[in-house]
Amino acid sequence: MTRVRFAPSPTGYLHVGGARTALFCWLFARHTHGTFILRIEDTDFERSSEDMVSGILEGLRWLGLEWDEGPFYQSQRLDLYRATADRLLANGSAYYCFCTREELEQRRAAATAAGVPPRYDGRCRNLPTADAARRVAAGEAAAIRFRIPDSGTTAFEDAVFGRVEFANAELEDFVLLRSDGVPTYHLSVVADDIDMRMTHIIRGADHLSNTPKQVLLYNALGASLPVFAHVPLILGPDKTRLSKRHGATSVLAYKDMGIVPEAFRNFLALLGWSPGEAARQADGKEREIFSTAELVEMFSLEGMAHSNAVFNNEKLAWFNTEYIRAYAPERLLPLIEQEWQRAGFVPSRSREDILAGIALLQQRTRSLTDFAMTFRAYFSDDYPTDEAAVAKFLADPSTLGLLRELAVRYRTLTPFSELSTEELLRAFAAEKGVKPGVLINGARVLLTGQGVAPSLFAVMVYLGQQRVVQRLSAGATAGI
RNA sequence: GGCGCUAUCGUCUAGGGGUUAGGACGUGAGAUUCUCAAUCUUAAAACACGGGUUCGAUUCCCGUUAGCGCUACCA
């Protein structure tokens with residue numbers, strides 16, 4: 001039974017890199033019928049906040065990455081870390097360090113200036129245990145440091161990168177427990193991962209270099225190693241690590257941009273991971289669109305790339321349009337309703353009509369936000385008219401007069417169908433000696449408030465005879 | 001600086017000792033049209049560089065270069 005965790009630090013929102021790591025963890029857990037655990041690493045009290053925690057949870061829920069256990073908060077498990085540090089102290093793997101932050105900073109600066117690697121100099125490493133214990137008992141502030149073996153190498157087998165080896169001499173005696181008793185990252189992750197019986201550690205490749213320290217900790221604690229799997233990072237278009245200056249990096253920002261969560265998930269899954277030949281179809285082409293079930297079915301650590309990937313907004317937009325087009329209107333409706341709520345828009349048509357409207361529009365929409373902004377005329381009689389569209393298609397004042405005349409003809413048209421409305425319009429255009437396109441484009445602006453819309457006659461049928469007549473004749477009186 | 005990881009079209013990637021190096025997004029051209037998409041056809045586009053190993057390297061090895069990561073009493 002596999003157990004994997006996603007362990008974000010609430011010092012920021014859930015960014016796309018973290019979201020993808022969470023997705024991989026979740027995919028792995030589901031694929032192996034294992035357990036997906038959520039753990040909040042909030043031991044940096046200064047920078048962590050509850051708002052960030054709720055934002056992270058919201059982002060995970062939006063992506064549909066439900067967790068089986070947790071969320072656990074490290075801030076509530078301080079006793080475990082203290083006890084773990086004590087064990088390490090007792091077996092000689094750790095020692096008290098009385099150096100102050102200021103002293104350390106000074107020495108670091110000096111070492112850097114001298115061109116020497118700024119590692120902890122081991123000053124407190126060989127203090128007699130009894131002395132150290134006495135000083136601590138006397139109330140002197142002390143951190144607890146891990147004792148790195150002074151020779152040899154530490155190696156581990158990464159499920160993605162293969163065997164990775166580090167010389168112990170490159171590692172420093174890092175702090176396990178700060179002088180205020182709060183653990184440092186390395187201690188808390190390892191203590192928790194052991195305590196929570198994690199079998200696989202799937203995390204960003206930025207932790208690859210941290211891993212030997214943690215391997216040493218597992219050893220010192222007599223625990224067996226989990227499988228480490230480091231996943232390559234996501235970069236911005238300039239190939240530097242993705243950050244705020246690349247624009248939206250919070251997953252919730254993508255929600256606000258009208259991205260369908262499954263589309264985002266599909267896109268993210270294929271960034272740094274590939275199903276390989278499994279995606280090949282009979283015609284030789286390779287699929288890119290995969291349902292959640294398919295993703296779960298195909299996912300494996302073997303398909304993971306070794307190099308970083310650039311986040312490609314255009315491709316995300318493509319996934320989004322594909323999902324919007326493929327989803328049944330009933331499935332799109334709740335997502336669209338959220339947009340309407342957010343925009344303060346209240347549709348005035350029946351649910352049945354709304355579903356028909358979605359069906360009419362979904363083939364040409366790129367973002368869920370379109371439904372709240374540019375498509376208002378389809379769901380309410382209260383809609384804005386785009387001035388650029390007026391300028392483009394209704395510049396000639398005579399067009400409005402013709403459309404008004406056309407409205408009169410439409411008033412008595414039976415049946416009012418796509419075929420009949422088109423026939424009538426074309427005959428009317430011929431009669432008046434104008435090109436049908438002029439009337440079609442003008443009518444489109446009046447009926448939808450936009451210069452862009454689905455086939456005009458389909459729109460007419462959707463809106464219904466009464467609305468068409470009303471909107472067509474209102475244009476002239478409104479003096480657009 | 002030290003250490004670690006990585007390197008296939010602009011981007012995401014498949015592939016792998018002998019291939020016309022495949023697909024997707026995007027881009028160009030054409031078709032269609034009622035606007036905009038979509039759709040269809042089509043085109044351009046890649047194995048970073050240098051050494052090995054080999055009959056033969058894009059593929060294996062080494063180096064160079066470049067990018068990224070780590071190098072805190074952050075995570």
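To find a chain, count down the sequence lines: A is the first, B the second, and so on, and within it residues start at 1. Because only heavy atoms are used, hydrogens play no part in the values below, and waters and symmetry mates are left out as well, while side chains stay in.
For B/A72, the OP1/OP2 oxygens have no side-chain nitrogen or oxygen of A/Arg119 closer than 4.0 Å. Side-chain nitrogen and oxygen atoms of A/Ser48 include none within less than 4.0 Å of the OP1 or OP2 phosphate oxygen of B/A75. Contact annotation: A/Ser209 side-chain N/O to B/C5 OP1/OP2 distance is not under 4.0 Å. Note on A/Arg20: every side-chain N or O is 4.0 Å or more away from OP1 and OP2 of B/C12. Between B/G1 and A/Arg108, no contact under 4.0 Å exists linking OP1 or OP2 to a side-chain N or O. At the phosphate of B/A72, neither OP1 nor OP2 sits under 4.0 Å from any side-chain N or O atom of A/Arg107.
Listed by first then second residue, pairs satisfying side-chain hydrogen bond (donor to acceptor under 3.5 Å, both in side chains) with a partner in residues 443-465 of chain A read A/Asn441-A/Arg444, not counting sequence neighbours.
The listed nucleotides are B/G26, B/C74, B/C3; the one nearest the side chain of A/Thr184 is B/C74. Residue A/Lys285 has its side chain nearest to B/A24 when only B/C73, B/G69, B/A24 are considered. Of the candidates B/G4, B/C25, B/C70, the closest approach to any side-chain atom of A/Phe166 belongs to B/G4. Of the candidate nucleotides B/A75, B/G1, B/G69, B/A75 has the atom lying nearest to any side-chain atom of A/His186. Side-chain atoms of A/Ser307 lie closest to B/A7 of the nucleotides B/A14, B/G4, B/A7. Taking the side chain of A/Ala305 as heavy atoms from C-beta on, and the options B/U13, B/G4, B/U71, the nearest nucleotide is B/U13. Between B/U6, B/A72, B/G15, one nucleotide has an atom nearer to the side chain of A/His306 than all others, and that is B/U6.
Residue-level contact check: A/Phe457 touches the bases, meaning some heavy atom is under 4.0 Å from a base atom.
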Contact letters for nucleotides 35-49 of chain B, in which S counts primed atoms plus P, OP1 and OP2 and B counts the base, heavy atoms under 4.0 Å: BBBS-----------
Per-nucleotide protein contact string for nucleotides 60-67 of chain B (B base, S sugar-phosphate only, - none; heavy atom under 4.0 Å): -------S
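Pairing for B/U33 is absent, with no Watson-Crick or G-U wobble pair whose two atom distances lie under 3.5 Å. When Watson-Crick and G-U wobble pairs are counted only if both distances are under 3.5 Å, B/C5 pairs with B/G67. Using Watson-Crick or G-U wobble geometry with both donor-acceptor distances under 3.5 Å, B/A21 finds no partner in any strand shown.
With sequence neighbours excluded, the residues forming a salt bridge (Lys or Arg N to Asp or Glu O under 4.0 Å) with A/Glu431 are A/Arg409, listed by chain and number. Annotation: salt bridge (Lys or Arg N to Asp or Glu O under 4.0 Å) contacts of A/Lys213 (sequence neighbours excluded): none. Residues passing the salt bridge (Lys or Arg N to Asp or Glu O under 4.0 Å) test with A/Arg178, sequence neighbours excluded: none. In this structure, the side chain to side chain donor-acceptor pair (under 3.5 Å) partners of A/Asp193, at least two apart in sequence or on a different chain, are A/Arg5, A/Arg39. Checked against salt bridge (Lys or Arg N to Asp or Glu O under 4.0 Å), A/Arg107 has the following partners two or more places apart in sequence or in another chain: A/Glu103, A/Asp121. For A/Glu157, the side chain to side chain contact (heavy atoms under 4.5 Å, CB included) partners at least two apart in sequence or on another chain are A/Arg163.
On the C1' atoms, B/U64 is 23 Å away from B/C70, given to the nearest whole Å. One C1' atom belongs to B/U32, the other to B/C25, and the distance between them is 23 Å to the nearest Å. Comparing the C1' positions of B/U20 and B/C9 gives a spacing of 16 Å, expressed to the nearest Å. Taking the P atoms as reference points, B/A21 lies 27 Å from B/U27, given to the whole Å. Spacing between B/A44 and B/G26 at atom C1', rounded to whole Å, works out to 13 Å. Nucleotides B/A38 and B/G1 place their P atoms 47 Å apart, quoted to the nearest Å.
Side chain of A/Ser93 to backbone of A/Leu89: no donor-acceptor contact under 3.5 angstrom is found.
Ionic pairing of A/Arg366 and A/Asp370 is not present here: no N-O contact between side-chain nitrogen and carboxylate oxygen is shorter than 4.0 angstrom.
Put simply, the side chain of A/Lys315 and the base of B/A24 share a donor and an acceptor less than 3.5 Å apart. Checked by distance alone, A/Thr11 brings no side-chain donor or acceptor within 3.5 Å of a matching partner on the base of B/C74.
Using a 30° and 60° split on the angle between ring planes, A/Phe156 and A/Phe166 fall in the parallel class, below 30°.
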